[in-house]
Amino acid sequence: MNSADSATILGPILGIETSCDETAAAVLDAEGQVLSNIISSQQAVHERFGGVVPELASRAHIQNIDEVTGKALQEAGLGWRDLKAIAVTQGPGLAGALLVGLSYAKSTAYALGIPLVGVSHLEGHIASAWINRPDFPRNCVVLIASGGHTHLFHAEEKGGFHLMGRTIDDAAGEAFDKGAQMLGLGYPGGPLIDAAARKGHPTAVRFPRSRVRTGQFDFSFSGLKTALLYHLQSMSMEAITQQQADLAAAYQEAIVDVLVRQAFAAVERAGVSALAVVGGVSANSRLRARLADRAVKEGIELGVPALSYCTDNAAMIAAAGQRALLQGNVASFDCEAMPDCALPTWSGGGAVRRTS
Ligand code: KG4
Ligand code: ZN
């Protein structure tokens with residue numbers, strides 16, 4: 001479909017994301033350009049608990065959502081009546097948190113008489129790879145590495161997803177978060193390890209790089225976490241503090257090594273020439289550098305989102321919603337939140353097939 005056709009069908013779309021601890025809203029124009037991307041982080045609410053507290057997350061979403069969507073419209077220079085559709089994260093995520101965004105999206109779409117699109121959060125992350133690069137190949141391998149997921153998909157030209165591998169225990173982002181906690185760096189751990197590691201040596205300690213028997217493209221990070229724990233138990237507090245940067249760099253390197261190894265192996269197996277890496281962990285500077293290096297060496301086209309679209313945001317939800325809408329996937333107003341939903345919601349989940 002050319003852009004003139006899509007402009008007629010789509011018009012501006014509002015995306016809403018409340019699956020975890022960010023209340024986010026964004027507006028995209030008919031061409032998929034981001035007009036606004038507002039994120040209200042709840043980091044201050046959850047920080048002292050060392051993780052997200054579901055009940056507090058729901059409450060904060062309720063408090064923030066009206067202001068966040070209002071800001072998104074204002075920054076886009078649009079009013080409610082200019083919108084042609086509303087896309088919202090339907091799942092996976094925290095049930096109470098999802099319900100806030102979904103109820104808000106349903107009621108506003110209903111009041112405005114415009115279509116509602118339910119989007120899988122994972123599909124949103126996947127769509128983020130195309131926000132700044134609409135010409136990036138659709139036939140590619142996608143690595144999603146976030147706080148809750150580490151999945152490798154072969155994405156097909158027409159929108160089907162073959163699951164090639166996934167973590168059998170912790171997600172990559174979780175490994176970052178738990179590692180940071182053990183290293184005394186704080187929460188959320190990914191950006192803190194990333195920053196600390198810049199001053200350290202990735203070869204200072206050799207942490208394990210797991211291989212999983214269940215599937216060639218699966219991941220496992222729990223052994224790495226335990227290895228860090230044992231390593232720290234063998235050190236004095238003083239030594240840990242002194243060597244914090246080296247430990248962060250070495251631990252990060254172990255996660256990055258596995259992600260890069262598995263992603264490129266999947267590219268080879270899928271027989272494609274493009275790799276998209278998305279999700280919060282794709283913001284990691286070492287991962288981005290290592291992926292870029294390897295992609296150049298192997299002649300693979302690499303797609304990583306701009307930093308503002310790596311961690312949870314609503315621009316990616318609007319982008320996925322726009323694509324869904326183009327394929328005629330409109331949600332009914334009695335659709336429910338899907339805390340455990342697979343991917344994608346709008347193509348019925350049936351498009352996900354395990355290939356390894
Ligand atoms: O995609 P996301 O915002 O939320 C989920 O869907 O889970 O991902 C959050 C995860 C957290 O675990 C966070 O520590 C990690 O992404 N993360 C990073 C970086 N920035 C965020 N991990 C490594 N390096 C970073 N720079
Ligand atoms: Zn996410």
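Indexing begins at 1, ligand by ligand and atom by atom, following the structure's order.
Close approach of ligand 1 to Val281 is summarised as follows: ligand atoms under 4.0 Å from at least one heavy atom of the residue are 16 (O), 18 (C), 22 (N). Every atom of ligand 1 with a heavy atom of His125 under 4.0 Å away is listed here by number and element: 1 (O), 6 (O). Below 4.0 Å from some heavy atom of Gly173 lie the following atoms of ligand 1, by number and element: 12 (O). With ligand atoms numbered from 1 in the order given, ligand 1 contributes 24 (N), 25 (C), 26 (N) to contacts under 4.0 Å with heavy atoms of Asp194.
Enclosure of atom CD in Glu47 by more than 12 non-hydrogen atoms of other residues, nucleotides or ligands within 6.0 angstrom is indicated. With a 6.0 Å radius and a threshold of 12 heavy atoms from other residues, nucleotides or ligands, Gln233 has its CD atom above the threshold. For CD of Glu268, the number of neighbouring non-hydrogen atoms (other residues, nucleotides, ligands) closer than 6.0 Å is 12 at most. Surrounding CD of Gln43 are more than 12 heavy atoms belonging to other residues, nucleotides or ligands, all under 6.0 Å away.
Of the possible polar contacts, none joining the Asn139 side chain to the Glu156 backbone as a donor-acceptor pair under 3.5 Å is found. Panel note: side chain Tyr309, backbone Val278; no donor-acceptor pair is recorded below 3.5 Å. For Asp194 (side chain) and Gly190 (main-chain N/O), no donor-acceptor pair under 3.5 Å exists by modelled atom type. Side-chain atoms of Gln90 come within 3.5 Å of backbone atoms of Glu336 as a donor-acceptor pair (strictly under, hydrogens ignored).
Backbone or side-chain N, O or S atoms of His125 reach the Zn ion (ligand 2) at under 2.8 Å. Because the distance cut-off is set at 2.8 Å, His121 qualifies as a neighbour of the Zn ion (ligand 2) through one of its N, O or S atoms.
The six-membered or imidazole ring of Tyr104 lies away from that of His61, with a centre-to-centre distance of 6.0 Å or more.
Residue-to-ligand polar distances place Gly147 within reach of ligand 1: an N/O pair is separated by less than 3.5 Å. For the pair Gly148 and ligand 1, the shortest N or O to N or O distance falls below 3.5 Å. Close N/O approach between His121 and ligand 1 is found [any backbone or side-chain N/O within under 3.5 Å].
Protein heavy atom nearest atom 24 (N) of ligand 1, with residue, atom name and distance: Asn284 ND2, 3.0 Å. Looking only at protein heavy atoms, the nearest one to atom 22 (N) of ligand 1 is Gly190 CA, 3.3 Å. Here the heavy atom of the protein found nearest to atom 3 (O) of ligand 1 is Asp312 N, 2.9 Å. Looking only at protein heavy atoms, the nearest one to atom 21 (C) of ligand 1 is Gly280 O, 3.4 Å.
Ring geometry for Phe221 versus Phe219: interplanar angle under 30°, hence parallel rather than tilted (30 to 60°).
Taking the N/O/S atoms of Asp312 in turn, the shortest distance to the Zn ion (ligand 2) belongs to OD1.
Of the heavy atoms in Asp177, only side-chain atoms (C-beta onward) come closer than 4.0 Å to ligand 1. Both the backbone and the side chain of Thr311 come within 4.0 Å of ligand 1, judged by heavy-atom distances.
Using a 4.0 angstrom heavy-atom cutoff, Cys20 does not count as in contact with ligand 1.
Under the 4.5 Å side-chain contact rule for hydrophobic residues, Tyr230 and Leu224 do not share a cluster.
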